[in-house]
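Structure first, commentary second.
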Amino acid sequence: MSQFRRFVSNLTGSSMPEIVALTVTVPVLVLIRHSISSISITGVSLKKKNDDAPSGKRTFKSYFGTLSLDFLVIVVPMLLFFTVLANWTYIIACSLTILTLLYIATKRSGASSCFEGEPNSLRAYVTSYRVLVMIITILCILAVDFKIFPRRYAKTETYGTSLMDLGVGAFVLANSLVSRQARNIASVYTVRHSIPLILSSFLMLQKLEDCSSFIKSTDHLRFSPSSYNNWCGLSVKPPADKADLSPCFRSISVSTSSFSTSSSSDRSVHVGEYGVHWNFFFTLAAVSILSSFINIAPQYCGIIGSLLLVGYQFCLVQGLNHYLLSDERGVDILSQNKEGIFSIFGYWGMYLLGVYLGNSLIFGSHSSGFKSSIWVRVWALSIMFWLFTVLLDRHVERVSRRTCNLPYVTMVLADNLQLLSVLMLADLVPGRKTSVLEEAFSRNLLATFLLANILTGLVNLSVDTLSASSMKALIILLVYAYILSIVIGIVDYFGIKLKFW
């Protein structure tokens with residue numbers, strides 16, 4: 001077993017209270033940034049009337065200064081919380097919570113003129129939430145390779161709760177909340193949404209000698225239209241229009257460099273995480289394919305997702321979990337990738353619940369009611385799912401990301417709804433309702449993720465992360481995060497939106 005494999009093996013995670021505390025501190029940093037939006041940098045006010053102007057009408061110096069301030073207030077403290085200040089999580093969470101509540105109470109009792117703009121819509125909060133999920137992800141995927149990153153925050157081996165365990169579930173849930181299905185838009189299966197993920201996974205496992213010739217050979221692919229009848233809210237629909245797949249195949253060349261560097265730097269994925277051939281991208285692709293082919297009406301997604309999760313959990317406690325968690329593997333594809341394949345049922349159930357929540361809270365007809373009512377509902381749902389998680393973890397089965405069991409799904413729902421509910425306090429905080437960094441990341445989420453993977457691979461090829469000192473590791477992480485933020489910010493400043501499929 002390699003040194004790095006030993007470094008990431010046999011981990012049991014942290015505790016649920018610590019996860020709750022971390023989920024409080026991260027969005028509070030965004031609220032702090034919003035509250036200091038009146039501070040001037042380079043002699044230019046950062047208030048909404050200037051920040052919301054088109055990029056072409058703002059000087060690059062002003063934009064760069066604003067972006068740097070966003071980085072200092074949001075990203076730098078977040079990175080410190082995940083590394084050198086990890087042992088102070090509870091104290092930091094309590095302090096930030098008390099100070100935030102006192103600040104809100106003080107400002108609310110004062111003049112209302114200090115509040116800028118109209119209250120945010122819930123969709124704007126979901127955008128900020130998705131950006132925060134991405135920022136947490138890009139920080140953790142590199143930080144986990146250094147000893148400065150607490151092992152209790154890394155992915156657990158079998159059972160347990162950790163910060164990085166929430167990553168895959170958060171991606172699935174974040175996508176489901178704003179999906180076409182949640183918006184009640186007729187969904188059609190577009191191969192371009194799933195094939196790039198599948199091919200990215202394939203390229204992660206095998207090195208292609210000539211990727212460009214392979215991509216060119218796919219230029220002729222098209223998907224012919226057909227349709228089927230609906231029945232009881234369910235429909236199976238291939239695409240209604242022809243889709244040119246060549247752009248999505250060309251996008252593979254962007255991610256290939258990241259996966260190739262990861263493969264050659266002894267950072268191979270633990271076999272017990274998904275299986276021999278399976279990985280994160282296959283799981284996302286599978287959920288995308290299922291949700292596209294089996295198009296369930298959003299009003300039925302809640303009950304069908306719940307039944308699917310309960311049925312899957314019943315199978316787990318009846319002995320399926322022993323099969324999935326055992327080290328024995330056959331020669332067939334199912335046995336070699338049992339964790340990844342069977343966990344699809346859990347992730348798909350989570351996706352369906354996310355579609356139902358997105359439709360009822362964000363895009364439903366009653367979602368435009370009083371903000372306080374929606375905020376209470378989000379908080380109530382978060383508390384309810386946390387209670388479910390505790391009860392299931394103690395009396396049914398412990399939380400396991402590896403099998404994506406029911407306790408894991410409820411924990412992901414609870415944690416992400418908690419994150420969203422804290423962000424909704426922005427209406428009570430004077431200042432801007434968004435930041436330049438959030439806007440830049442939200443317009444290029446996929447590009448951010450791919451660039452983060454490329455930079456992570458380059459760092460792993462250039463630095464022996466396991467022997468790096470705490471100071472060296474922290475400097476590398478700060479430079480990595482700043483480069484990523486600046487590059488995505490510059491892309492957004494010039495109005496470029498990178499779309500790969």
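Interatomic distance, Phe146 CZ to Ser467 OG, rounded to the nearest 0.5 Å: 9.5 Å. Considering CG of Asn416 and OG of Ser382, their distance stands at 9.5 Å, rounded to 0.5 Å. The line from CG of Leu451 to CG of Leu484 is 5.0 Å long, rounded to the nearest 0.5 Å. Summarising the geometry, atom CD1 belonging to Ile476 is positioned 8.0 Å from atom CG belonging to Leu142; distances are rounded to the nearest 0.5 Å. In this structure, the separation between OG1 on Thr448 and CZ on Arg443 is 12.0 Å, given to the nearest 0.5 Å. Here Leu324 contributes atom CG and Ile341 contributes atom CD1; the two are 10.0 Å apart, rounded to the nearest 0.5 Å.
Annotation: Phe449 is in aromatic contact with Phe171 [ring centroid separation under 6.0 Å]. In this structure, Phe82 has its ring center at least 6.0 angstrom away from the ring center of Phe149.
Judged by distance alone, with hydrogens and angles left aside, the side-chain atoms of Thr83 form a donor-acceptor pair with the main-chain N or O of Leu79 at under 3.5 Å. At distances below 3.5 Å, not a single donor-acceptor pair connects side-chain atoms of Tyr347 with backbone N or O atoms of Val409.
For the residue pair Tyr323/Glu328, the side-chain donor-acceptor check at 3.5 Å is not satisfied. No side-chain donor from either of Thr389 and Tyr408 sits under 3.5 Å from a side-chain acceptor of the other. Between the side chains of Thr403 and Asn321, not a single donor N or O lies within less than 3.5 Å of an accepting N or O. For the residue pair Thr89 and Tyr153, a side-chain donor N or O sits within less than 3.5 Å of a side-chain acceptor on the partner. Looking only at atom types and distance, the side chain of Ser326 has a donor-acceptor partner in the side chain of Lys338 under 3.5 Å away.
Gln418 approaches Val20 most closely through the heavy-atom pair NE2-O, 3.0 Å. Smallest separation of non-hydrogen atoms from Val26 and Met78: CG1-CE, 3.7 Å. Looking at every heavy atom in both residues, Ser400 comes nearest to Asn405 through N-OD1, 3.2 Å.
Using a 4.0 Å cut-off between charged nitrogen and carboxylate oxygen, Glu438 and Arg33 do not count as a salt-bridge pair. A salt bridge between Arg401 and Glu339 is absent, with no side-chain N of the basic residue lying under 4.0 Å from a carboxylate O of the acidic one. By the 4.0 Å N-to-carboxylate-O rule, Asp165 lies too far from Lys155 to be salt-bridged with it.
Around CZ of Phe345, the count of heavy atoms belonging to other residues, nucleotides or ligands within 6.0 Å does not exceed 12.
Between Phe282 and Trp278, the ring planes are tilted. Angles from 30° to 60° get that label.
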